[in-house]
Amino acid sequence: MYRHLERRLAVRLREFLLQRYPGATLPNIVIEPPPKVELGDFAIPVFPFAKSLRTAPLKIAETIRAEIGPIEGIAGMQVAPPGYLNVKIDRAWTALALAANQKAPTTAAVGKILVEHTSINPNKAAHIGHLRNAILGDTFVRLLRYAGREVDIQNYIDNTGVQVADVVVGFTHIEKKSRAEIESLASQPRFDYYCWDLYARVSQWYEQDKQNLQIRAQTLHGIEDAASETAAIAELISTAVLRRHIETMDRLDIEYDFLPRESEILHLHFWDAAFAKLKDAGVLTFETQGKNKGCWVMRRAGTGSTTENTGDTEELVKISEEDQKVIVRSNGTVGYVGKDIAYHMWKFGLLGRDFGYRKFYRYPNQHDCWISAMQGEKEHPHFGDVEEIYNVIDARQSEAQNTVIEALRGLGHNEAADHYTHFSYEMVALTPRCAVELGYKLSEEDKTRSYIEVSGRKGFGVKADDLLDQLIVSAKNEVDSRHPQLTETGRLSIATQIAVGALRYFMLKFTKQSVIAFDFKEALSFEGETGPYSQYAVVRATSIFKKAAADPDTFLRDSNISAADFERFLVGENADEFWELWLASAKTSYIVNQCISTTEPAYLAKHAFQLAQLFNAFYHRHPILSESDEKRKQFLLATVAVVRRELIRTLSIMGITVPPVM
RNA sequence: GGGCGCGUAGCUCAAACGGAUAGAGCACCGGAUUUCUAAUCCGGUGGUUGCAGGUUCGAUUCCUGCCGCGCCUACCA
């Protein structure tokens, strides 16, 4: 609703200014929320207009105020020095629309969006860094879907790389296990934990004797031959670990539609098709000398002119050695960036090849997750060939991501390149204290750092399932003591919802570019700016209605609070404290929009917290059920119902559900 | 060396697109409701936004230079 009004205001304002000041070039119109409610609901700084309209800011503001005429949903405007035009929303009008749960007409965006996230190497258990990725990605998917977009969720599986090879080495050369033994281990409950430890041991084994690295090379080579025993073992391990990742993420309500695997990209020769096109377009050049002699290289992203050369020479600009990114090695094999280019051409439907598809995992809600295959099933959904893509990948990979984008540009697919977004975020590290708690010995230097990077290779980190288990135990203790009369399963279910809420909120409350220094004390907190705080506000709202023997949503639908009633409680002295709740409630889709256009889900967490905070203060100040003025009681109940609805809505976009009691 | 990013209260973080008195949570101190359950609420302490310049009516935000920190910079994936 707020967003709807903002757009209406912007359009009207532009129209008015163009008509009132013909010929003037208008700067971009900025409309922002004022710092305080008393000032109004929209603030328009008019300073930027002063220059182009050659008029004093206050005069422009006054002209607009006096002459723009009535706008539906807008109650009035005020000029505020030194140069703001503050706009007040028609409160009763908005409250009526909100109470009726009226959806503002949305401009239906078309075209499918592909969001890729999680993408964990299938050789060890998922850790907290992977959780941040998956939660950011999943929340972004929910944001897009809330905004009416069609989204496919993909989780890219690198099942042929060194990381998987290392675990294969661990099983076959350190533990000397047979394929049958590995198979039996892989069916054990937390096989990914087993691999986690083994992976760390393999890394040590390499360090003990560099000769051992040759085993890795052999194994890596073996994996590429689909018919080999090594490949079969790799497939067995990676599939079992992948299944564990899917299960772990399912605990957090994170689902996928399709799991494209590198093995299929390899064996279905995606690269060959891409290679031909890249050569034709001159994106790749063959090096005949220097350290990259015999390699096909391209210009590393962000190094010098990627646009057309200024024309003095037709010759290809020589790329200096250090600006070269090797795509095809001198032995003819392709590196991962090359595979990624091919894969992204497929995503945009530019490759001319497709995967085979078969079903891999069925979620409790009957939704199927598909996986790539050499020979797929006849009937399958259509993946790829999308309009836009978002890749949720941490900031360390931004150069590689940009190189893929440059390759698309080089191929002439500028539109595709423009619709390729690297959803970049910073890593999750551990505080030194946390590392010590986990039993790691720290160097003196490490102790002074504010955070320490996790390392799967060293087995250094907090596993996703462990963290979730701890959160559940901790929440369960609280629930047990608060609700001893409930059944064990009932209490566990509540504790799980709280744990998931705490975890998802925790990962979303930081902005993307902030490194999360993970600390158990903070992550396990259920007080203050946390998920449970917001969940609790909803529980309180629900409980008011329970006591009143009414359902909040039907109450809203059937309520016959008139515009005059809303006017009475929302306008005038002391009304701002109520209006703040309605105003915040009106902002959900505005916030969603902001999250999408900035690829920043953290605003959503802030919104949930603000709603909860406003509600809790309101809850404390105003007894509702004992209110003797019937009209006022109806109004207060409506306020509770609307805030509750928007809070549930916001939390659900964050993938957080609310327990019946807490 | 080059590229990207960061530096805000004791700690962890906000403040999108330059805007009004830089806000939260935690911690600390002091209070509140025999209620619609205190996983709550109210108040207080706490700031030269790393430093120095510049642009602007206006800079935490943009530019330049320093200082400090992180990540990337493999014929690994």
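In what follows, chains are A, B, ... by sequence order, proteins preceding strands, each numbered from 1. No hydrogens, no waters, no symmetry mates; every other heavy atom, side chains included, goes into these values.
In this structure, A:Arg482 and A:Ile544 both approach RNA chain B, and ranking their closest nucleotides by distance from the 5' end singles out A:Ile544. In terms of position on RNA chain B, the residue among A:Gly161 and A:Asn86 whose nearest nucleotide sits closer to the 5' end is A:Asn86.
When heavy atoms are screened at a 4.0 angstrom cut-off, A:Gly335 is found touching the sugar-phosphate backbone but no base atom. Contact annotation for A:Tyr206: no contact, since no heavy-atom pair falls under 4.0 Å across all strands. Nucleic acid contact for A:Val479: base, since at least one base atom lies under 4.0 Å from a heavy atom of the residue. Within 4.0 Å of A:Lys51, counting heavy atoms only, lies no atom of the nucleic acid at all. The residue A:Gln613 sits close only to the backbone: its heavy atoms come under 4.0 Å of sugar-phosphate atoms, none of a base. Counting non-hydrogen atoms under 4.0 angstrom, A:Ser330 reaches a base of the nucleic acid. Residue contacts for A:Pro659: at a heavy-atom cut-off of 4.0 Å it reaches no nucleic acid atom on any strand shown. Note on A:Ala548: nothing from the nucleic acid sits closer than 4.0 angstrom, heavy atoms only. Within 4.0 Å of A:His422, counting heavy atoms only, lies no atom of the nucleic acid at all. A:Gln594 comes within 4.0 angstrom of a base, heavy atoms only. Counting non-hydrogen atoms under 4.0 angstrom, A:Asn159 reaches nothing in the nucleic acid. Within the nucleic acid shown, A:Ile498 comes within 4.0 Å of at least one base atom, counting heavy atoms only.
Checking B:A16, B:U37, B:C17 against every side-chain atom of A:Tyr536, the shortest atom distance belongs to B:U37. Nearest to the side chain of A:Tyr451, among B:C41, B:G70, B:C76, sits B:G70. Side-chain atoms of A:Val162 lie closest to B:C76 of the nucleotides B:C71, B:C76, B:C36. Distance from the side chain of A:Met662 is smallest to B:A39 among B:U37, B:C36, B:A39. Relative to the side chain of A:Tyr603, the nucleotides B:G19, B:A16, B:A32 differ in distance, and B:A16 lies closest. Ranking B:U37, B:A39, B:C71 by closeness to the A:Ser543 side chain, first place goes to B:U37. Side-chain atoms of A:Tyr533 lie closest to B:U40 of the nucleotides B:U21, B:U40, B:A16. Of the candidate nucleotides B:U73, B:G19, B:C71, B:U73 has the atom nearest to the side chain of A:Arg300.
In this model, the phosphate group of B:U37 is approached by a side-chain N or O of A:Lys547 to a distance below 4.0 Å at OP1 or OP2. Contact annotation: A:Asn292 reaches the phosphate of B:C75 (side-chain N/O to OP1 or OP2, under 4.0 Å).
Of the charged side-chain nitrogens involved, none lies within less than 4.0 Å of a carboxylate oxygen, so that A:Arg396 and A:Glu426 do not count as a salt-bridged pair. A salt bridge links A:Lys606 with A:Glu529: the distance from a Lys NZ or Arg NE/NH1/NH2 to an Asp or Glu carboxylate oxygen falls below 4.0 Å. The pair A:Arg491-A:Glu478 fails the salt-bridge criterion, with no side-chain N (NZ, NE, NH1 or NH2) lying under 4.0 Å from an Asp/Glu carboxylate O. Residues A:Asp166 and A:Arg457 are paired through a salt bridge, judged by an N-O separation under 4.0 Å between the basic side chain and the carboxylate. Checked for salt-bridge contact, A:Glu262 and A:Lys339 meet the test: a charged N lies under 4.0 Å from a carboxylate O. A salt bridge links A:Arg300 with A:Glu399: the closest approach of a Lys/Arg side-chain nitrogen to an acidic carboxylate oxygen falls below 4.0 angstrom. The residues A:Lys59 and A:Glu62 are annotated as not salt-bridged, no charged nitrogen and carboxylate oxygen being separated by less than 4.0 angstrom. Salt bridge status for A:Lys325 with A:Glu406: absent, with no side-chain N to carboxylate O gap under 4.0 Å.
Between A:Gln214 and A:Gln218, the side chains place no donor N or O within less than 3.5 Å of an acceptor N or O (distance only, hydrogens not considered). Looking at A:Lys291 and A:Gln324, their side chains never bring a donor and an acceptor atom within 3.5 Å of each other.
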Find every protein N or O atom lying less than 3.5 Å from an N or O atom of nucleotides 4-13 of chain B, and list the pairs.
residue: B:U12; atom: O2'; partner: A:Glu522; partner atom: OE1; Å: 3.3
residue: B:C13; atom: OP1; partner: A:Val515; partner atom: O; Å: 3.0

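Here the side chain of A:Tyr505 pairs a donor or acceptor atom with the backbone of A:Ala605 at under 3.5 angstrom.
If you take atom C1' in B:C62 and the same atom in B:C17, they sit 12 Å apart, rounded to whole Å. Comparing B:U37 with B:G19, their C1' atoms are spaced 43 Å from each other, to the whole Å.
For the strand RNA chain B, secondary-structure stems (runs of at least three Watson-Crick or G-U pairs, all distances below 3.5 Å) span B:1-7 with B:67-73, B:10-13 with B:23-26, B:28-32 with B:40-44, B:50-54 with B:62-66.
For NE2 of A:His483, the number of neighbouring non-hydrogen atoms (other residues, nucleotides, ligands) closer than 6.0 Å is greater than 12.
Between the CG atom of A:Leu614 and the C1' atom of B:C42 there is a distance of 15 Å, rounded to whole Å. Counting to the nearest Å, the P atom of B:A39 and the CD1 atom of A:Ile494 are 14 Å from each other. Put simply, CG on A:Asn331 is 7 Å from C1' on B:C75, counting in whole angstrom units. A:Glu38 has its CD atom 14 Å from the P atom of B:U21, to the nearest Å. Atom pair A:Leu524:CG and B:C26:C1' shows a separation of 14 Å (rounding to whole Å applied).
For B:G58, the base is not stacked against the aromatic ring of A:Phe47, per a cut-off of 5.5 Å between centres and 30° between planes.
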